[in-house]
Amino acid sequence: MGFMLFDESFTLIDYELFPKRRLAKEMIELEKQDLTLQEESILKRNAKNCTSIIIETNLNISEYKNLKGASKFKFETPNAAGEFLRSNMNKILVENEILEPEDDLNAILHDLSMGIINYKLKEASKARDSYLIQAINSIGDIDEATGKLLERLREWYTIHFPELNKIKNQEKYVDLVVEYGDRDSIIESKLLDEMVITDQNPGAEIEDFDLKMVKIFADSIKTLQNTKKSLTNYVEQKMNEIAPNLSDLVGSLLGAKLIAHAGSLERLSLFPSSTVQIMGAEKALFRHLKTGERPPKHGLIYQYPEIRSAKWWLKGKIARALAAKISLAVRKDVYSGEFDAGIKESFEKHLEEIKKKYPFPPRTKKTQKDAKNGKKKMKKKKKDKYKKKIGDYY
Amino acid sequence: MKITQKFNGVYEIDGNVATENLNKGIKVYGERLMEIEGKEYRIWDPRRSKLAAAILNGLETFPFKEDSKVLYLGASAGTTPSHISDISKKGLIYCVEFSPRMMRKLADLSRERKNLIPILDNATKPKNYMNLLQKVDVIYSDVAQPNQSELFMDNMRLYSKKDGIGILMIKARSIDVTKAPNKIFKEEESKLKTHGFRVIEKVKLEPYEKDHMAFVCEFSF
Ligand SMILES: C[S@@+](CC[C@H](N)C(=O)[O-])C[C@H]1O[C@@H](n2cnc3c(N)ncnc32)[C@H](O)[C@@H]1O
C-alpha cells in the first residue's frame with residue numbers, strides 16, 4: 001500500500017503511501033519490477049539522516065543504484081521491519097493514524113486484491129487467447145501449404161501412376177503413396193476400387209531411387225496432415241475452455257476464427273452484431289463504403305453450414321440472426337463463463353421460423369422492370385441508402 | 001434432525017459435516033444446503049474437500065477461529081476455501097492459486113465473499129506476494145506437487161506467526177508414483193522434523209482420497 005521506514009526500535013519514522021484511488025495500479029507496477037515514485041521519494045528524503053537503510057524489496061537491486069544515497073542502502077528480504085509490519089499491520093496503521101478508526105483493513109485488502117486480480121486475469125486471458133489465435137491461424141497456413149504440396153505430389157506421382165488421380169480424397173492419396181509406394185504394391189493392397197485401374201494408362205516405370213524421394217516428400221505432407229489434426233483437437237479443447245457458448249453455437253473452428261479476427265475474445269464481445277455479421281468480409285465492406293455498392297451480407301459466418309446451404313434469399317436473414325446470437329454467446333463466455341445450452345436451442349428455433357416464414361424468393365424481377373425507367377435516379381438513391389460510415393461497423 | 005457443534009463454526013448434521021453459509025442461498029460447488037432453526041448450512045463434501053475428509057476421519061487439532069488469518073496454498077476454484085470462509089467469517093483467507101483457469105472461478109467466489117483474498121501467484125515463490133500479506137494463524141497447503149513439503153515450509157517460515165499451525169495435505173502419488181505411499185509419508189514427515197517442525201497430528205484420508213495424508217504441524221524451536 002506504500003512504503004514505511006522504521007528505526008532500530010521499530011518506531012515508524014516516515015511513510016509514503018500510494019494514492020488510494022490508484023492503489024491496485026501501483027501495486028501492479030511494483031510487481032512489474034518498477035521502482036515507483038513513492039519509493040524513490042521516501043528513500044531520497046531519508047538517505048541523508050540515516051547511517052544505513054535496509055530495504056526489503058522484490059525489485060532487482062540494480063533499480064536502486066542510481067538513487068542519491070545508494071551507498072547507504074542494504075538489501076534484506078524479508079527484513080526485521082517487514083516482519084514487524086506483517087505481524088502488527090492493523091495496529092501500526094491505526095496507531096499512526098494511517099487508517100481511520102472506521103476503516104476496515106480486511107475490506108481494504110479485499111478490494112485491493114480484487115483490483116489486482118481483475119487486471120491479472122485480463123492479462124492472462126489475453127495470453128490465453130493469443131495461444132488459441134496462433135493455433136487457428138496455423139491451421140489456415142497448413143491448409144494453404146498442403147494444398148500446394150499436394151498439387152506438386154500429384155503432378156510428380158502421376159508420371160508413374162496416372163490413374164490414381166481418380167482418388168479425390170487427399171489423405172487417402174497421400175497414405176497410399178506413403179504406405180505402399182509403387183503402382184503394383186498399391187494395386188496388390190486391394191485398397192482401390194476396381195474402377196480406378198483401367199490398364200489403359202499405366203504410366204512410366206519408376207526406379208527405387210526415384211520412388212524413395214517421392215515417398216519422403218509424401219511423408220512430409222502426411223506429417224502436416226497429422227499436425228493439422230492435433231491442432232484441430234487442441235483448438236477444440238481450448239475453445240471449450242475459453243468460449244463454451246460460442247463453440248456450441250458455431251463450432252470450435254469457426255468460433256476460433258472469429259476470435260482471431262477480432263484479436264481476442266473480449267474484443268469480439270465488444271463488437272455490435274452488425275460487425276460480427278460482416279467480419280472477414282472487410283474488402284467488400286470497404287468497397288461498399290467507397291462506391292456505395294451493396295454492403296456485404298456475410299463474412300466469416302458464411303462458413304456456417306446452415307448459411308452456406310441456405311437458399312439465397314435466406315442467407316442474409318440467417319446471417320443476421322446468427323450474428324446476434326454470436327454476440328450473445330460471446331458475452332456470456334466473457335462475463336460468466338457458464339455454459340448455456342439455451343443459446344443454440346433458441347437460434348435453431350429462430351432458424352426454423354425464418355425458413356417457414358420465407359419459403360419462396362421475393363419477387364424482385366417485376367419490381368426491377370418497373371423501375372427500369374428511373375434507373376439512374378434509383379441507383380443514386382441506392383448508393384445513399386447504403387452509404388454508411390465505418391464507425392457504423394467498428 | 002440432530003445438529004451438534006464439532007469445532008468452532010463446524011457442525012455435524014446426521015453424520016455429515018457442515019458450515020453455516022456466509023452467503024445465504026448460494027451454493028459454491030453444488031453442495032447441499034440445509035435450513036435448521038432459521039440458519040442455513042452447507043454440507044461439506046469429503047470427496048471434494050480434504051479438510052472435510054480429515055474432520056470425518058477424526059482430526060483433533062482445528063486451528064480455524066472466527067477471526068483467523070489463513071494462508072491457503074493451492075486454492076483451486078475455492079471448494080475448501082469457501083468453507084473456511086464460512087468458519088473464519090471475520091478473518092481473512094489469502095488464497096494462492098497459479099492457474100488462471102481456476103483463479104477465474106475463485107475470483108468470482110471472492111467477489112461474493114469479502115474475507116477471501118485471491119492471489120494469482122506461484123506458491124513456490126512466496127516472496128512474490130509479500131506486499132499483500134500479514135502474518136497468519138494457519139497455513140493450509142494442498143498443491144499436489146512433488147515439492148509440496150518444501151513449498152509449505154518456505155511459506156511457514158515467511159508468513160506463519162510463531163505459534164501458527166500448518167496443515168499439509170500430502171498426496172503420495174504426486175511425489176513419486178513408484179514408491180509405497182507409507183514410505184513417502186515417512187520421508188515427508190522426517191523432512192518436516194529435520195527442518196524445524198513438529199508434527200502434531202497425522203490423519204489418513206481414506207476412503208475419501210486414496211494415498212493422502214493430512215499432517216498438522218507447528219514450529220518446534
Ligand atoms: C488438489 S488441488 C486443490 C484443491 C483445493 N485445495 C480444494 O480442496 O478446494 C491443487 C491446486 O493447486 C494448484 N497449484 C499447484 N501448484 C501450485 C503452485 N506452485 N502455486 C500455486 N498453486 C499451485 C493447482 O493449480 C490446483 O488448482
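Every chain is numbered from 1 and lettered A, B, ... according to where its sequence line falls, protein lines coming before strand lines.
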Next on the checklist: Does any backbone or side-chain atom of A:Asn88 lie under 4.5 Å from a heavy atom of chain B? Answer side chain, backbone, both or neither.
Outcome noted: neither
Checklist entry - Using non-hydrogen atoms only, which part of B:Ile119 is less than 4.5 Å away from chain A: side chain, backbone, both, or neither? => result backbone
Item to check | Best-contacting candidate, A:Ala107, A:Ser87, A:Ala124, A:Ala127, against chain B by heavy atom pairs under 4.5 angstrom | outcome: A:Ser87
Item to check | Side-chain donor-acceptor contact under 3.5 Å, A:Asn245 with A:Asp333 | outcome: yes
Next on the checklist: A side-chain contact here means heavy atoms from C-beta on lying under 4.5 Å apart; do B:Pro81 and B:Arg113 qualify?
Outcome noted: no
Checklist entry - Which residues in residues 144-152 of chain B have a heavy atom less than 4.5 Å from any heavy atom of chain A? => result none
Checklist entry - Do we see a donor-acceptor contact under 3.5 Å between the side chains of A:Ser252 and A:Ser247? => result no
Next on the checklist: I'd like to know if B:Glu40 and B:Lys24 make a salt bridge, using a cut-off of under 4.0 Å between side-chain N and carboxylate O.
Outcome noted: no
Item to check | Which of B:Arg111, B:Lys162, B:Lys161, B:Lys90 touches chain A most, by non-hydrogen pairs under 4.5 Å | outcome: B:Arg111
Checklist entry - Which atoms of A:Leu85 come close to chain B, meaning under 4.5 Å heavy atom to heavy atom: side chain ones, backbone ones, both, or neither? => result neither
Checklist entry - What pairs with B:Pro126 under side-chain contact (heavy atoms from CB on, under 4.5 Å), at least two apart in sequence or on another chain? => result B:Tyr129, B:Asp154, B:Asn155, B:Leu158, B:Tyr159
Next on the checklist: Quick check: B:Phe197 with B:Phe219 (ring centres under 6.0 Å apart)?
Outcome noted: yes
Item to check | Check ion pair B:Glu188-B:Lys191 (N to O, under 4.0 angstrom) | outcome: yes
Checklist entry - Between B:Lys193 and B:Glu189, is there a side-chain N and carboxylate O pair less than 4.0 Å apart? => result yes
